[in-house]
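Contents: one structure, followed by commentary.
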Amino acid sequence: MTDRYQTFAASGPGRFVINKLGLPNPATLRRYQPGQPALDGPALVGAAPGGRLSAPAIEVLRAAEISVLDSAAAEERYGALVFDASGITSPDELGELREFFQPVIRSLGPCGRVLVLGSPPESGATAEESIAQRALEGFTRSVGKELRRGGTAQLVYVAPGAEGNMASTLRFLLSAKSAFVAGQVIRIGAGNAVEPSDWARPLGGKVAVVTGASQGIGAAMARVLGRDGAQVVALDIPAQGAGLVKVANEVGGSTLQLDITDPAAPARLREYLTERYGGVDILVHNAGITKDKTLAKMSADRWDAVLGVNLRSQLAINAELLTESVLRDNGRIIGVSSIAGIAGNFGQTNYGTSKAGVIGMVRTAAPVLAERGGTINAVAPGFIETRMTAKIPVLTREVGRRLSSLAQGGLPVDVAEAVAWYANPASAGVNGNIVRVCGQAFLGA
Ligand code: NAD
């Protein structure tokens with residue numbers, strides 16, 4: 001679906017009108033192309049005194065062939081500004097943030113990245129330290145709302161001892177792969193992160209199932225996981241057979257026609273995976289439906305259908321694949337929530353319930369997966385340009401697109417890139433996270 005306003009904004013007359021009227025100005029986002037440099041310019045890295053994260057971060061950046069500067073240079077246009085705030089141990093020291101960013105923030109190039117690194121507030125040695133670390137969230141999210149020209153800001157809390165687990169997350173955030181991820185707080189903890197031998201194909205040798213893979217976001221996930229080297233099982237309902245075959249052929253994967261709400265579905269999926277692949281490494285619960293009505297008009301059928309696809313079937317599949325150990329050790333489960341599951345949405349009590357349930361699923365299963373060396377996380381998409389959002393009435397759709405820091409809808413590939421980051425073997429320390437792919441929508445927490 002084309003965003004006519006964005007096309008207009010990118011034209012000469014459009015730019016003029018938009019600037020004159022102070023209208024939202026959606027930038028053309030830089031998106032990942034194989035072989036492209038991670039950033040469009042060097043990264044300036046700074047640290048508050050006593051920080052423990054800048055040295056390992058610089059190592060990761062250099063390995064990713066990002067040029068690193070440790071002091072501001074006149075006339076420089078930065079690809080990223082990275083600040084290690086882990087050394088901040090009291091609110092009095094929060095001024096370090098302003099001191100680092102204020103002089104250089106205007107020198108951040110288009111689609112530039114602001115990255116703040118900190119320690120999880122609960123790990124603070126004192127209350128003062130915990131408060132100061134928690135305060136980093138407000139700084140980062142506010143900077144994100146001030147950035148223009150497609151820039152994004154994120155905060156990454158790295159648990160003490162998990163300094164070696166940052167590589168996949170920094171490579172994702174400091175690249176075009178995270179184009180529509182903005183204003184997020186990500187936690188990295190313990191876990192046996194294994195760096196892939198080839199960062200261009202980190203999922204080589206892995207088997208990935210994507211539900212709802214025949215179109216939209218699921219098809220993009222199948223393509224991105226396939227691009228990254230995984231053998232993809234594209235799953236969808238039989239009525240979507242033609243689209244499913246097309247996607248599977250594109251990525252050299254296989255198809256499984258299955259209604260995940262069928263009581264026999266978990267066992268069929270298990271049999272398929274064990275017989276054909278001997279197990280599975282990555283399970284992406286993408287299939288989802290909406291059946292909107294206000295609560296006063298919500299029939300039991302609409303309620304049950306949405307809860308059935310978006311939550312209950314996923315729990316049943318997890319139970320089957322975990323109990324039978326079909327999901328291999330170091331496996332990944334990835335859920336698809338929604339900002340409607342965080343902020344709520346008019347006419348979506350059923351959908352919001354199901355998508356908040358996905359967050360519950362992630363939180364409760366994270367320790368279970370961790371015991372097996374695996375992880376479970378979810379993405380929470382905001383406004384993504386798909387058939388689902390094309391159905392939204394035109395005015396609401398237009399508002400939905402503009403109501404974010406990036407003033408546009410995301411693309412299915414943006415959600416897929418976040419899923420591939422979770423799936424990366426180097427993301428073993430990324431467990432129990434809910435990351436919004438929403439361009440920092442002004443809705444919800
Ligand atoms: P879509 O309708 O294009 O695709 C969903 C797919 O799921 C379809 O191919 C459908 O056939 C499949 N599916 C539905 N019921 C199924 C069942 N019982 N068994 C197997 N497959 C089934 O939707 P989309 O926009 O690509 O959304 C994908 C996911 O992202 C959904 O979970 C959705 O809730 C979530 N999401 C989308 C947006 C957005 O802006 N599009 C925003 C937030 C969350």
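One-based numbering, in listed order, for ligands and for the atoms of each.
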Any side-chain heavy-atom pair of I333 and I282 under 4.5 Å: no

Between Y32 and K177, is there a cation-pi geometry (under 6.0 Å to ring centre, at most 45° from the normal)? yes

What protein heavy atom sits nearest atom 35 (C) of ligand 1, and how far off is it? V336 CG1, 3.6 Å

What part of T386, side chain from CB on, backbone N/CA/C/O, both or neither, has a heavy atom under 4.0 Å from ligand 1? side chain

Can a non-hydrogen atom of T211 be found less than 4.0 Å from any atom of ligand 1? no

With only distance considered, is I384 within less than 3.5 Å of ligand 1 through an N or O on each side? yes

Nearest-neighbour protein heavy atom for atom 16 (C) of ligand 1, which is reported as residue plus atom name and distance: I237 CG2, 3.8 Å

Just need the protein heavy atom nearest to atom 21 (N) of ligand 1, so name the residue and atom and give the distance. D236 OD1, 3.5 Å

Could you see which bit of Q240 sits under 4.0 Å from ligand 1, with heavy atoms only: side chain, backbone, both or neither? side chain

Tell me whether A239 reaches ligand 1 (any heavy atom closer than 4.0 angstrom to a ligand atom). no

With sequence neighbours left out, write down each residue that passes side chain to side chain contact (heavy atoms under 4.5 Å, CB included) with A407, or none if nothing qualifies. P24, P26

Atom 27 (O) of ligand 1: nearest protein contact (heavy atom, Å): I217 CD1, 3.9 Å

Heavy atom of D262 under 4.0 Å from ligand 1? no

What atoms of ligand 1 come within less than 4.0 Å of a heavy atom belonging to S337? 44 (C)

List every atom of ligand 1 that sits less than 4.0 Å from any heavy atom of G288, numbering the atoms from 1 in the order shown and giving each element. 5 (C), 7 (O), 31 (C), 32 (O)

A quick test of your reading: do over 12 heavy atoms of other residues, nucleotides or ligands sit less than 6.0 Å from CZ of R302? yes

Test side-chain hydrogen bond (donor to acceptor under 3.5 Å, both in side chains) applied to S254 and Y272, step by step: CA-CA 11 Å; S254 68; Y272 181 86; 2.8 Å; yes

Under 4.0 Å, counting heavy atoms only: does K355 come that close to any atom of ligand 1? yes

I need the atoms of ligand 1 closer than 4.0 Å to a non-hydrogen atom of L258, numbered in the order shown. 19 (N), 20 (C)

Close approach of G382 to ligand 1, heavy atoms, under 4.0 angstrom: yes

Under 30°, 30 to 60°, or over 60°: which ring-plane class applies to F139 and F101, parallel, tilted or perpendicular? tilted

Should you measure from each heavy atom of Y351, which atoms of ligand 1 turn up under 4.0 Å away? 33 (C), 34 (O), 35 (C), 36 (N), 43 (C), 44 (C)

Do Q348 side-chain atoms and G344 backbone N/O form a donor-acceptor pair below 3.5 Å? no

Looking only at heavy atoms, what is the nearest atom pair of N286 and G212, with distance? ND2-O, 3.1 Å

Who are the side chain to side chain donor-acceptor pair (under 3.5 Å) partners of R31, not counting sequence neighbours? D414

Are more than 12 heavy atoms from other residues, nucleotides or ligands located less than 6.0 Å from atom NZ of K145? yes

Check whether any N or O atom of S338, backbone or side chain, sits under 3.5 Å from an N or O atom of ligand 1, and answer yes or no. no

So do L203 and L225 actually touch side chain to side chain, heavy atoms under 4.5 Å? yes

Would R387 count as being in polar contact with ligand 1, using the rule that some N or O on each side must be under 3.5 angstrom apart? no

Numbering as shown, the atoms of ligand 1 that approach G216 to under 4.0 Å (heavy-atom distance): 26 (O)

Give me the nearest non-hydrogen protein atom to atom 22 (C) of ligand 1 as residue plus atom name, then the distance to 0.1 Å. A287 CB, 3.6 Å

Using side-chain heavy atoms (C-beta onward) and a distance below 4.5 Å, is Y351 in contact with N345? no

D3/R402 salt bridge by N-O under 4.0 Å criterion: yes

Going by distance only, is there an N or O of N286 that falls short of 3.5 Å from an N or O of ligand 1? yes

Taking 4.0 Å as the limit for heavy-atom contacts, which would you say applies to I260 with ligand 1: side chain only, backbone only, both, or neither? both

For ligand 1, does T389 get within less than 4.0 Å through its side chain, its backbone, both, or neither, judged by non-hydrogen atoms? side chain

Numbered in order shown, the ligand 1 atoms found under 4.0 Å of a heavy atom of S214 are 9 (O)

Could you list the atoms of ligand 1 found under 4.0 angstrom from a heavy atom of D259? 17 (C), 18 (N), 19 (N)

Short list, please: which atoms of ligand 1 are under 4.0 Å from a heavy atom of V309? 15 (N), 18 (N)

Lys/Arg N to Asp/Glu carboxylate O, E122 vs R187, below 4.0 Å: yes

Any Lys/Arg nitrogen of D281 or R328 sitting under 4.0 Å from an Asp/Glu carboxylate oxygen of the other? yes

Counting only heavy atoms closer than 4.0 Å, does ligand 1 sit against the backbone of A380, its side chain, both, or neither? neither

Ranked by distance from atom 3 (O) of ligand 1, the top protein heavy atom is Q215 NE2, 2.7 Å

Relative to ligand 1, is I289 under 4.0 angstrom through side chain, backbone, both or neither, heavy atoms considered? side chain

Is N192 atom CG crowded by more than 12 heavy atoms from other residues, nucleotides or ligands, each under 6.0 Å away? no

Could you go step by step and tell me if Q6 and Q408 meet the side-chain hydrogen bond (donor to acceptor under 3.5 Å, both in side chains) rule? CA-CA 7 Å; Q6 190 177 356; Q408 58 193 287; 3.0 Å; yes

